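The structure under discussion appears below in the form of structure tokens.
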Amino acid sequence: MRILVTGNMGYVGPVVVAHLRDRWPDAELIGYDSGFFAQCLTSPGAFPERILNEQVFGDVRDFPASLLEGVDAVVHLAALSNDPIGVRFETQTDSINYAASLAIAAAAAQAGVKSFIFASSCSIYGFAEGGPRKEEDPLNPLTAYARSKIATEQALSKLNAPDMVVTCLRFATACGYSPRLRLDLVLNDFVATALSTGEIKVLSDGTPWRPLIDVHDMARAIEWALTRDAANGGQFLAINAGRDDHNHRVSDLANAVAEKIPGTRISINENAPPDRRSYQVDFRRFSEIAPDHQPVMSLSQSIDRLIDGLTEAKNASREVIPADTKRLAILENHMNAGRISADVRWLN
Ligand SMILES: NC(=O)c1ccc[n+]([C@@H]2O[C@H](COP(=O)([O-])OP(=O)(O)OC[C@H]3O[C@@H](n4cnc5c(N)ncnc54)[C@H](O)[C@@H]3O)[C@@H](O)[C@H]2O)c1
């Protein structure tokens, strides 16, 4: 099996690639990434890319269709991936996350790729009151990032690709340890700040809901999507990926972290304006259709792995620096240093 993984050099990608290598030791694994966050390694170990057969550097907006020759499956992770980046780089979020994704999917169908997996997001539900959101419930995108995910899903659903099984995994908010850790994610941020400052500052009043999924379980969901055939869910499928009992309130996340790191103080902003991003998600469809690939990491295990990984990094003098772990700050550093253009492309 030959699998192309785009965006493999971010937070989720290294965990996905390691999982695929473990699951299919003889697979040919190819990575395609611009490398915007290549330097953001938090693990003292070797480069995660060493287990690929090939790493290709490039921009998804210039994707060479020749890379798809002989490819059986595409795992498409490459994206400008979060809400603040979408505010700062709105047009680029559209061209990278939507237009380039669609072009790659169309080229994949043309090249005879059998399976296309798109990393979508539960953020498309936005502020959602009245219980957990199901796949067919109304969407409420609040950001350019969420709009780009919806536009891509809709375009993929209309793609003329009768021989390609397309799966859009609407992932819950990611959490957990990765060799390229991100701290602009709620649980990761809480663990890192509790360890480094002894305090968790909850910016909201703590009541908003966030569904979580550990990166390890995202990799297992991708494995499932790779092996899915059209009889199981249809030729095109958009599905919530997570677990019903992993819908948490932000204050519960802070308390769970504080329990693991003795002495941690929690400050809740009781006067905060209501957080517009609050939603619970219904993952029943995923549990019915992918019973053997349900999330297995508990909140407690995700926190333990984060604590262990961050402690190991510190002991190896690879202290995790906030500016190296927040996606928007990294892109702005590249831009201020003249390394990337206003269009988010490498200059040299
Ligand atoms: N992290 C989450 O909470 C979460 C939740 C749901 C869905 N997702 C989706 O999963 C995927 C992976 O997320 P992540 O957290 O690893 O993001 P990330 O920002 O850590 O990694 C994204 C990768 O895409 C690459 N990339 C960005 N623009 C590119 C371009 N123009 N050309 C080529 N490569 C480019 C980056 O270099 C990076 O390696 C994304 O599509 C994201 O939207 C993430």
Side-chain angles (χ1 to χ4, degrees), residues 4-17 31-42 48-49 55-64 67 74-86 89 91-101 103-104 117-125 143-150 152-153 168-176 178-189 210-215 217-219 221-222 225 238 240-242 277 281 302 324-331 334 340-341 343-346:
L4 177 77
V5 185
T6 72
N8 65 293
M9 299 180 75
Y11 167 61
V12 176
V15 180
V16 170
V17 166
Y32 184 83
D33 199 300
S34 57
F36 288 140
F37 311 117
Q39 78 283 13
C40 305
L41 272 179
T42 36
E49 290 68 48
Q55 175 68 54
V56 182
F57 289 96
D59 196 293
V60 286
R61 290 165 288 184
D62 310 320
F63 184 80
L67 258 190
V74 174
V75 179
H76 184 49
L77 304 175
L80 291 183
S81 175
N82 72 15
D83 294 342
I85 297 182
F89 299 109
T91 3
Q92 295 79 7
T93 294
D94 184 66
S95 57
I96 293 171
N97 294 13
Y98 160 61
S101 300
I104 293 174
I117 292 117
F118 174 62
S120 190
S121 164
C122 284
S123 67
I124 62 180
Y125 296 113
T143 61
Y145 171 70
R147 285 192 292 277
S148 76
K149 295 292 184 189
I150 294 177
T152 309
E153 282 194 8
C168 301
L169 293 167
R170 293 180 178 171
F171 287 119
T173 298
C175 66
S178 150
R180 280 197 186 82
L181 191 59
R182 291 177 59 165
L183 295 184
D184 49 9
L185 296 165
V186 60
L187 187 71
N188 300 2
D189 173 48
R210 288 281 189 287
L212 291 189
I213 184 168
D214 192 282
V215 276
D217 289 323
M218 291 173 85
I222 287 170
N240 298 333
R277 283 193 319 136
V281 175
S302 297
D324 277 350
T325 49
K326 306 216 165 161
R327 292 297 178 246
L328 180 55
I330 299 161
L331 290 180
H334 281 324
I340 61 171
S341 67
D343 197 28
V344 195
R345 285 178 186 274
W346 288 115

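One-based numbering, in listed order, for ligands and for the atoms of each. Not measured: the values here are computed from a predicted model. Counting from 1, the numbers follow the sequence of the chain as shown.
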Does any N or O in the side chain of [X] come within less than 3.5 Å of the main-chain N or O of [Y], such that one atom is a donor and the other an acceptor?
X: Asp184; Y: Arg327; answer: yes
X: His76; Y: Val5; answer: no
X: Thr152; Y: Asn97; answer: yes
X: Thr6; Y: Ala78; answer: yes

Which of the atoms in ligand 1, numbered in the order shown and given with their element, are less than 4.0 Å from a heavy-atom of [X]?
X: Ile96; result: 28 (N), 31 (N)
X: Gly58; result: 32 (N), 33 (C)
X: Ala174; result: 1 (N), 2 (C), 3 (O)
X: Gly35; result: 37 (O)
X: Gly7; result: 23 (C), 24 (O)

Quick test: of every protein heavy atom, which one is nearest to [atom], and how far off is it to 0.1 Å?
atom: atom 27 (C) of ligand 1; result: Ala79 O, 3.3 Å
atom: atom 18 (P) of ligand 1; result: Arg327 NE, 3.5 Å
atom: atom 16 (O) of ligand 1; result: Val12 N, 2.8 Å
atom: atom 21 (O) of ligand 1; result: Gly10 CA, 3.3 Å
atom: atom 37 (O) of ligand 1; result: Asp33 OD1, 2.7 Å
atom: atom 26 (N) of ligand 1; result: Ser34 OG, 3.7 Å
atom: atom 8 (N) of ligand 1; result: Tyr145 OH, 3.6 Å
atom: atom 28 (N) of ligand 1; result: Phe36 CE1, 3.5 Å

Look at ligand 1 and say whether [X] reaches it with a heavy atom at a distance under 4.0 Å.
X: Lys149; value: yes
X: Tyr32; value: no
X: Cys122; value: no
X: Ala172; value: yes

Measure the acute angle between the ring planes of Tyr32 and Phe63, then classify it against the limits of 30° and 60° as parallel, tilted or perpendicular.
-> perpendicular

Once you round to the nearest 0.5 Å, how far does [atom1] of [X] lie from [atom2] of [Y]?
X: Ser148; Y: Tyr98; atom1: OG; atom2: OH; value: 11.0 Å
X: Asn240; Y: Phe171; atom1: CG; atom2: CZ; value: 11.5 Å
X: Tyr145; Y: Ile85; atom1: OH; atom2: CD1; value: 9.5 Å
X: Asp33; Y: Leu77; atom1: CG; atom2: CG; value: 9.0 Å
X: Asn82; Y: Thr143; atom1: CG; atom2: OG1; value: 9.0 Å

At under 4.0 Å between heavy atoms, which part of [X] makes contact with ligand 1: side chain, backbone, both or neither?
X: Arg182; result: side chain
X: Asn97; result: neither
X: Asp59; result: both

Short side-chain donor-acceptor distance under 3.5 Å, Ser123 and Arg170 |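 No, Ser123 and Arg170 have no side-chain donor paired with an acceptor closer than 3.5 Å.
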
Min over Phe37, Phe89, Phe57, Trp346 of heavy-atom distance to atom 38 (C) of ligand 1 lands on Phe37

Among Ser81, Ala100, Ala241, closest by any non-hydrogen atom to atom 42 (C) of ligand 1 |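 Among Ser81, Ala100, Ala241, the closest heavy atom to atom 42 (C) of ligand 1 comes from Ser81.
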
Could you tell me whether Asp343 and Arg61 have a side-chain N and a carboxylate O separated by less than 4.0 Å?
->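 Counted as a salt bridge, because a side-chain N and a carboxylate O are separated by less than 4.0 Å.
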
Under 4.0 Å between a Lys/Arg side-chain N and an Asp/Glu carboxylate O for Asp94 and Arg147?
-> no

Mind checking whether [X] has an N or O less than 3.5 Å away from an N or O of ligand 1?
X: Leu185; result: no
X: Leu80; result: no
X: Ser121; result: no
X: Ser120; result: no
X: Thr173; result: no
X: Val60; result: yes
X: Asn8; result: no
X: Leu77; result: yes
X: Ala78; result: no

Taking Cys175 as the fixed residue, which of Val186, Ile213, Leu185, Leu212 is the one that meets the side-chain contact (heavy atoms from CB on, under 4.5 Å) rule?
->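 The option that passes is Leu212.
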
So Trp346 and Phe57, ring pair (Phe, Tyr, Trp, His ring centres under 6.0 Å) or not? Walk me through it.
-> CA-CA 11 Å; Trp346 288 115; Phe57 289 96; 9.3 Å; no

Pair Gln39-His334, side chain to side chain contact (heavy atoms under 4.5 Å, CB included): steps then yes or no | CA-CA 11 Å; Gln39 78 283 13; His334 281 324; 3.7 Å; yes

Start with the C-alpha distance between Asn8 and Gln55, add both sets of side-chain angles, then the distance that settles side-chain hydrogen bond (donor to acceptor under 3.5 Å, both in side chains), and finish with yes or no.
-> CA-CA 9 Å; Asn8 65 293; Gln55 175 68 54; 2.6 Å; yes

Could you give me the CA-CA distance, side-chain angles and deciding distance for Arg182 and Lys326, then say whether side chain to side chain contact (heavy atoms under 4.5 Å, CB included) is met?
-> CA-CA 6 Å; Arg182 291 177 59 165; Lys326 306 216 165 161; over 6 Å; no

